[in-house]
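One-based numbering, in listed order, for ligands and for the atoms of each.
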Amino acid sequence: MSDKWEYLDEAMTASSRNTIKELFAQDPDRAKKFSLSAAGWFLDYSKNRIDRKTMNALVKLAEASDLRTEIEKMFTGEKINVTENRAVLHTALRNCDPDAKVLVDGKDVMPDVRAVLEQMGVFAEKVRKGVWRGHTGKKIRYVVNIGIGGSDLGPVMANIALTPYSKRSLKFFFVSNVDSTHLAETLRSVKAAETLFIVASKTFTTQETMSNAEAAKAWLVDKLGSKDAVAKHFVAVSTAAKEVAEFGIDTANMFGFWDWVGGRYSLPSAIGLSLMIAIGPANYRKFLRGYWKMDCHFRTAPFGKNMPVVLALLGILYSNGYGAESYCVLPYDQYLSRFPAYLQQMDMESNGKSVDKDGKPVECVTGPIEWGEPGTNGQHSFYQLIHQGTHLIPCDFIGCCQTHNPISDLHDKLMANLFAQTEALAFGKTEEECRAEGVPESLVPFKTFEGNKPTNTLLCDKLTPETLGALIALYEHKVFVQGVIFNVYSYDQWGVQLGKVLAKGVLKDLTAEKPSGRHDASTNQLIARYRKALGR
Ligand code: F6P
């Protein structure tokens, strides 16, 4: 078959033959047949519009996209980020094989990876044990990570997720927004003499991060009365040593990473420093081990039994086969409350592309609109639309069998809701069932649920550093697989540039003696109104 998308047509033909309810009625072993285990996670994908033929055709789509070769290219450091001429090696950051060698331009990157991990560990322990002191000799009690995008979302998400492993005497804050309120409210909650600022920025040029970092530095110097205080209260995580030094941070207190780590894939690099301080180096290494276990599974498992590949193929079935526009991730765990936001950047900044690798318009629908909220909160908000609205929205439900906080039967109730939602979405409720329940005829149309709504359920025994690492790697690889099949470059993000450049020109016009007036009529009007409100 020359056109690989014909495999999707083949998958669709098989998929549209039966409803999920019919598929379950036909095969009592269906749940077992469409389930997988990897790296501490169990995936039940039986509540999808699939049978064996559908999955076989989807696997052929992956094979016809040369997925196996592409996976090897990534793991072995080939420069698959072509538009930036970079390798894509976040997998090297968590490679736990002590003998592993990963070459970029002929140089093994693993010694540097291990050295930075070691440096982070030493520093994290100093802060945790109170050995690292502030300018006035006080112990650190507050850690403020200043970063945005990949230098913020991962650290925030993981910090919340691993709260049970966190040193509770230390308080963590994350400042990202260039809205001064974010910094101001944070500074109100900390004491300068006991605060460590981590300036996290791959490039060390990002407007938001550098503006917040400069403002935090000025605040600290003002509070502690000396510029010398900066050395004890600011460290940097970056690839840009020169810029770090120019900012005034001693490069001895810089934790490096490399251009082959994409921002949205950088959590297991030094960008995870705040997390390591929170959970300690030993737990951090378990976190990396979790990633690595999923990496090994992804690299070796046959596609039909490969968790990231299966999730990716199902996603493509719905987006490109059924025309689903969005995709919902629903963690039934409060500790994963920021996981959907984290995934948004990972997926949408990677595969939100409309040009293929040859620079031509893509032939398919690329990355989905991704969203979600923790359960059960979402049930009382947007689930109505998923159950009875006109959009098809495939969902991933994520749950942990054991809670860190057993209180009466709350956890049983939480999990009962998770399982019940997937049941309701798949099987719905027919008109006959409504009538049998005594629903008045006039209400039958409103109380009928169509069902046949696809869901995946991911379960782990407990949310731990290891299972969290594996979960993140699962989605990273899912995004990779989709990018390969869409034939787009997943590791650049040119689409965020234009707004950044224009903002510089607009900023000048907000503050200049006289605005240039060189924007469109709407933008000129907004600038004028803003200036008037401020008396400029
Ligand atoms: O604006 C997009 C982006 O480049 C992301 O890809 C990145 O995670 C974020 O900005 C922050 O970049 P940096 O770590 O260089 O400050």
Side-chain angles (χ1 to χ4, degrees), residues 80-90 93 116 120 144-159 174-179 182-183 197-217 234-247 249 254-275 338-353 366-367 370 472 475-476 479-480 483 488-504 506-507:
I80 60 170
N81 178 359
V82 170
T83 62
E84 294 181 326
N85 193 29
R86 289 174 183 170
V88 174
L89 270 180
H90 41 276
L93 300 168
V116 172
M120 288 166 66
V144 181
N145 188 83
I146 301 178
I148 198 163
S151 303
D152 168 73
L153 289 161
V156 178
M157 177 279 291
N159 206 275
F174 297 85
V175 175
S176 54
N177 202 337
V178 77
D179 180 345
H182 206 174
L183 181 64
F197 292 95
I198 301 175
V199 186
S201 174
K202 180 175 167 178
T203 54
F204 235 69
T205 55
T206 304
Q207 186 198 52
E208 294 91 330
T209 301
M210 297 327 297
S211 306
N212 277 322
E214 288 290 355
K217 187 167 74 172
F234 276 79
V235 298
V237 176
S238 188
T239 58
K242 187 170 147 275
E243 285 77 4
V244 169
E246 277 165 16
F247 177 86
I249 295 176
M254 170 181 155
F255 300 84
F257 60 113
W258 308 273
D259 71 357
W260 42 260
V261 182
R264 51 197 173 274
Y265 298 89
S266 63
L267 176 57
S269 72
I271 288 290
L273 182 64
S274 57
L275 178 68
R338 293 295 287 163
F339 194 62
Y342 173 68
L343 287 187
Q344 282 181 325
Q345 187 201 12
M346 185 203 286
D347 201 337
M348 299 204 277
E349 200 170 73
S350 297
N351 286 340
K353 310 284 165 65
T366 60
E370 194 149 327
I472 299 168
Y475 280 96
E476 285 179 348
V479 169
F480 170 84
V488 297
Y489 288 123
S490 300
Y491 298 98
D492 60 21
Q493 56 285 315
W494 300 109
V496 300
Q497 295 305 326
L498 178 60
K500 284 188 193 176
V501 173
L502 292 185
K504 283 189 188 151
V506 173
L507 180 61

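- Only the side chain of V496 comes within 4.0 Å of ligand 1, judged by heavy-atom distances.
- Nearest protein heavy-atom neighbour of atom 9 (C) of ligand 1: I148 O, 3.7 Å.
- Counting only distance, with no hydrogens or angles, the side chain of K353 and the backbone of Y489 share a donor-acceptor pair below 3.5 Å.
- Ring geometry for H90 against Y265 counts as parallel: the plane angle stays under 30°, on a 0 to 90° scale with 60° as the upper cut.
- Residue F204 has no N or O atom closer than 3.5 Å to an N or O atom of ligand 1.
- Taking the six-membered ring for Trp and the full ring otherwise, Y475 and Y342 have centroids separated by 6.0 Å or more.
- With E349, R264, K500, K202 as candidates, the residue nearest to atom 5 (C) of ligand 1 on a non-hydrogen basis is E349.
- Put simply, the side chain of N212 gets close to the backbone of E208: a donor and an acceptor are under 3.5 Å apart.
- Summary of contacts: the protein heavy atom closest to atom 12 (O) of ligand 1 is T206 OG1, 3.5 Å.
- When V237, V199, T203 are ranked by how near their heavy atoms come to atom 15 (O) of ligand 1, first place goes to T203.
- The backbone N or O of K500 sits nowhere less than 3.5 Å from a side-chain atom of Q207 that would complete a donor-acceptor pair.
- Judged by distance alone, the side chain of N81 and the main-chain N or O of Y491 form a donor-acceptor pair under 3.5 Å.
- Heavy atoms of E208 come nearer than 4.0 angstrom to ligand 1 in no pair at all.
- When all heavy atoms of R264 and D492 are compared, the closest pair comes out as NH2-O, 3.1 Å.
- Counting the atoms of ligand 1 from 1 in the order shown, those under 4.0 Å from a heavy atom of G150 are 7 (C), 8 (O).
- Below 3.5 Å of separation, one finds an N or O of Q345 facing an N or O of ligand 1.
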